[in-house]
Engineer: 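Before we start, here is the structure in question, set down as structure tokens.
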Amino acid sequence: MADGEILIDVRGVAKHFGEGETRVDALRDVDLQVHAGEVIALLGPSGSGKTTLLNVIGCILAPSAGRVTLDGETVFDGQWLRRDLRRLRLDKIGFIFQTHNLLPFLTAEENVAVVLDLAGWSVEKGRARAGDLLGYLEVDHRAAAKPALLSGGEAQRVAIARALANRPRIILADEPTAALDSKRAGLVMDLLRKLAAEQEACIVTVTHDEKIFDRFDRLVHLRDGRLADA
Amino acid sequence: MNLALKDIRHGLFRFVLTCFGLGLLMTVVLSMIGIYNGLVADALAVVKAPAADVWVVESGTKGPFAEASNIPLTTRDAVSRMPGVAEAGAINFQNIEASHAGASLRLYVIGYEPGHPGGPQSIVEGRGIGTSHFELVADRKTGLLTGETIRLGRNRFTVVGLVEGAMNAGGDPAVYITLSDAMALQTELDPAAQRVQAARGAVSVKSASVAAVIARVAPGADVELLTATVRQWKHLAALTQAEQEEILVSSVVDLARRQIGLFLAILLSVSAVVIALIIYTMTMEKLKQIATLKLIGAPDRTIIGLIVQQALILGASGWGIGLVLILTVKDYFPRRVVLEPFNVMMLAGIIFAVCIAASGLGVRAAMKVDPATALGS
Ligand SMILES: Nc1ncnc2c1ncn2[C@@H]1O[C@H](COP(=O)(O)OP(=O)(O)O)[C@@H](O)[C@H]1O
Ligand SMILES: [Mg+2]
């Protein structure tokens, strides 16, 4: 599947926290390309820099050095080249968090629709798309429920619907199946694969979950901030 | 999609409770403002009641309210003969403790000459004093009813009419009696004290003296000229109505006014801090959600809108609840509570400013929050 256009292009990215005695090199000279339609897993022991790399790709953390190009647009090259990073995230990137992080005061449907509202969709179109997505993820029967009333699996599917709502081409997920049992985890991964293929998106997933390793096109290992493709 | 309203609806019970608490605080603030205004209005009631233009009092005094003033009764004739004076009347004032219906009743007794200025303004029940002795017109707050009698000094007076809003600067309700009755009452009160004064060689209060003579000028007459003329008389001083009101407010009720004023200032500061704290806490509790919003791409204006709208809704509800509550209870206060639309609007302005300032603090914290914090578990 590594034949589509390159959606994520990370070149020579380094990231360190602190200076001197307390300096931690979370990423060292990382190169990573992810193509459209590709679903990859980011593996590595705790503290190896997986979340840091995801945050760099998601434009919520500035690298210390290197270049980041997303969907053909170079967004970081020694410094941010775009000022409205949030708009960039809104349009191009979908996040699926470790915990679902749904807004507690919105219903499942509203949690999905809010992204479209921010992206400037009309209320009716936003609601329709949110409803469709929830139906697709088989949680439409919970559309009117607040997150507190959703089961772990339902909440996670709503979160996935939110991540996909604005049709981003880059989907970043940090341990999306950690809260799910292995059967559900497999279902969620199958679903993500399907969506990636349909929307010509790529998915980068941090995971420890060996049971779902076979669902990835590629496993990328991080150790002490360095990449070791396997 | 209005996030502020959705969030409020989500935690409606708590939000309403907070608004109600704030509303109670605003009730206290508004009642304090009302009490402050009431104090000033009450103080002025006694000066404004006779609708005078000029007060002729004892020379060297700022009587009869700020200082004791004694002038001969004959002054009234002299004043009324002055050019430009339409009518004049002598009055005197005394505080007495009467007993009524088994309880003691503090009364502010105003003696005036029927047919001359200084009497009760508008009788709301019964009639004014006729020419006869031992009749009185009482303020409704005395609790006296028309037809009842009450003993003042040695004599029993019949209540013939009722008025409203007549009291002295201390809030004691007033009763009106004729000047001759009042002067008789003055001489028979507390004989022991009089003997002491007489022993000291003080001017006998038995000499027919009154506290002040009030004058209304003819249309077009010059009040300044009149007061200047009166001041040339050896034993007399003259104050215009405006000066008399100014004295009342700046000297007679000044301490009480400042006391309440300072308390009001403290209360306002406390309220400001409370409002700020509520809004700031409300924002702090939402930081993780704000980080999530930032992560999914919400612009600053969405986040600022969420915080500021909630702050304003809170402030407005608090103000509204406070206003409704004070309007409901204000007539149950023993003294007058006077709320001017101006005060109410000013409080709204203050609350608005505090809400904006407090949400500014919240917004600052929200702007600083790193979207990455939404990712942490
Ligand atoms: N904000 C930060 N400040 C300082 N050190 C950090 C910060 N974020 C991550 N680190 C450090 O960077 C290293 C990599 O962290 P992280 O990317 O979270 O690892 P992983 O997700 O693989 O467990 C760790 O040593 C961690 O302590
Ligand atoms: Mg991590």
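Remember, predicted model here, so these are calculated numbers, not experimental data. Order of the sequence lines fixes the chain letters, A, B, ..., with proteins taken first and strands second; residue numbering starts at 1 for each chain.
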Engineer: Between A/Arg23 and A/Asp25, is there a side-chain N and carboxylate O pair less than 4.0 Å apart?
Structural biologist: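 Yes, this pair counts.
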Engineer: Could you tell me which portion of A/Ile60 (side chain, backbone, both or neither) has an atom closer than 4.5 angstrom to a non-hydrogen atom of chain B?
Structural biologist: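 For A/Ile60, the contact with chain B is made by backbone and side chain together.
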Engineer: Are A/Lys15 and A/Phe17 in a cation-pi setup, meaning NZ or CZ lies under 6.0 angstrom from the ring centre and within 45 degrees of the ring axis?
Structural biologist: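 Output yes; distance and angle both within limits.
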Engineer: Decide whether B/Tyr36 and B/Gln259 meet the rule of one side-chain donor and one side-chain acceptor closer than 3.5 Å.
Structural biologist: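 B/Gln259 and B/Tyr36 do not have a side-chain donor-acceptor pair below 3.5 Å.
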Engineer: Measure distances from A/Glu110 to the heavy atoms of chain B and classify the residue's part below 4.5 Å as side chain, backbone, both or neither.
Structural biologist: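 When you check distances to chain B, atoms from both the backbone and side chain of A/Glu110 fall under 4.5 Å.
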Engineer: Between A/Leu61 and chain B, which part of the residue has a heavy atom less than 4.5 Å away: side chain, backbone, both or neither?
Structural biologist: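 Neither part.
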Engineer: Yes or no on side chain to side chain contact (heavy atoms under 4.5 Å, CB included) for A/Glu109 and A/Val158, after CA distance, side-chain angles and deciding distance?
Structural biologist: CA-CA 8 Å; A/Glu109 187 180 270; A/Val158 174; over 6 Å; no
Engineer: Please look at A/Ala113 and chain B and tell me whether the side chain, the backbone, both or neither of the residue comes under 4.5 angstrom of a heavy atom of that chain.
Structural biologist: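 Both backbone and side chain.
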Engineer: Does either side chain, that of B/Gln310 or that of B/Lys286, offer a donor lying less than 3.5 Å from an acceptor on the other one?
Structural biologist: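 Per modelled atom types, B/Gln310 and B/Lys286 side chains form a pair under 3.5 Å.
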Engineer: Between A/Asp174, A/Val114, A/Val115, which has the largest tally of heavy atom pairs under 4.5 Å with chain B?
Structural biologist: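 Among the listed options, the one with the most contacts to chain B is A/Val114.
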Engineer: With chain A, which of B/Thr292, B/Leu295, B/Thr302, B/Ile8 has the greatest number of heavy-atom pairs at distances under 4.5 Å?
Structural biologist: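 Most heavy-atom pairs under 4.5 Å with chain A: B/Leu295.
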Engineer: Do B/Asn2 and B/Gln309 pair up side chain to side chain, a donor and an acceptor below 3.5 Å, judged on atom types alone?
Structural biologist: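 Their side chains do contain a donor-acceptor pair, which is all the 3.5 Å distance test asks for.
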Engineer: Heavy-atom cut-off 4.5 Å, strictly under: side chain, backbone, both or neither for B/Asp300 against chain A?
Structural biologist: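 Its backbone and side chain both get close to chain A.
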Engineer: For B/Ile326 and B/Phe333, which heavy atoms make the closest approach, and how far apart are they?
Structural biologist: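 B/Ile326 and B/Phe333 have their closest heavy atoms at CD1-CE1, 4.3 Å.
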Engineer: In terms of heavy-atom proximity below 4.5 Å to chain B, should A/Pro104 be classed as side chain, backbone, both, or neither?
Structural biologist: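 The answer is both parts of A/Pro104.
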Engineer: Identify which part of B/Leu3 has an atom lying under 4.5 Å from any heavy atom of chain A, answering side chain, backbone, both or neither.
Structural biologist: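 Interface part for B/Leu3: both.
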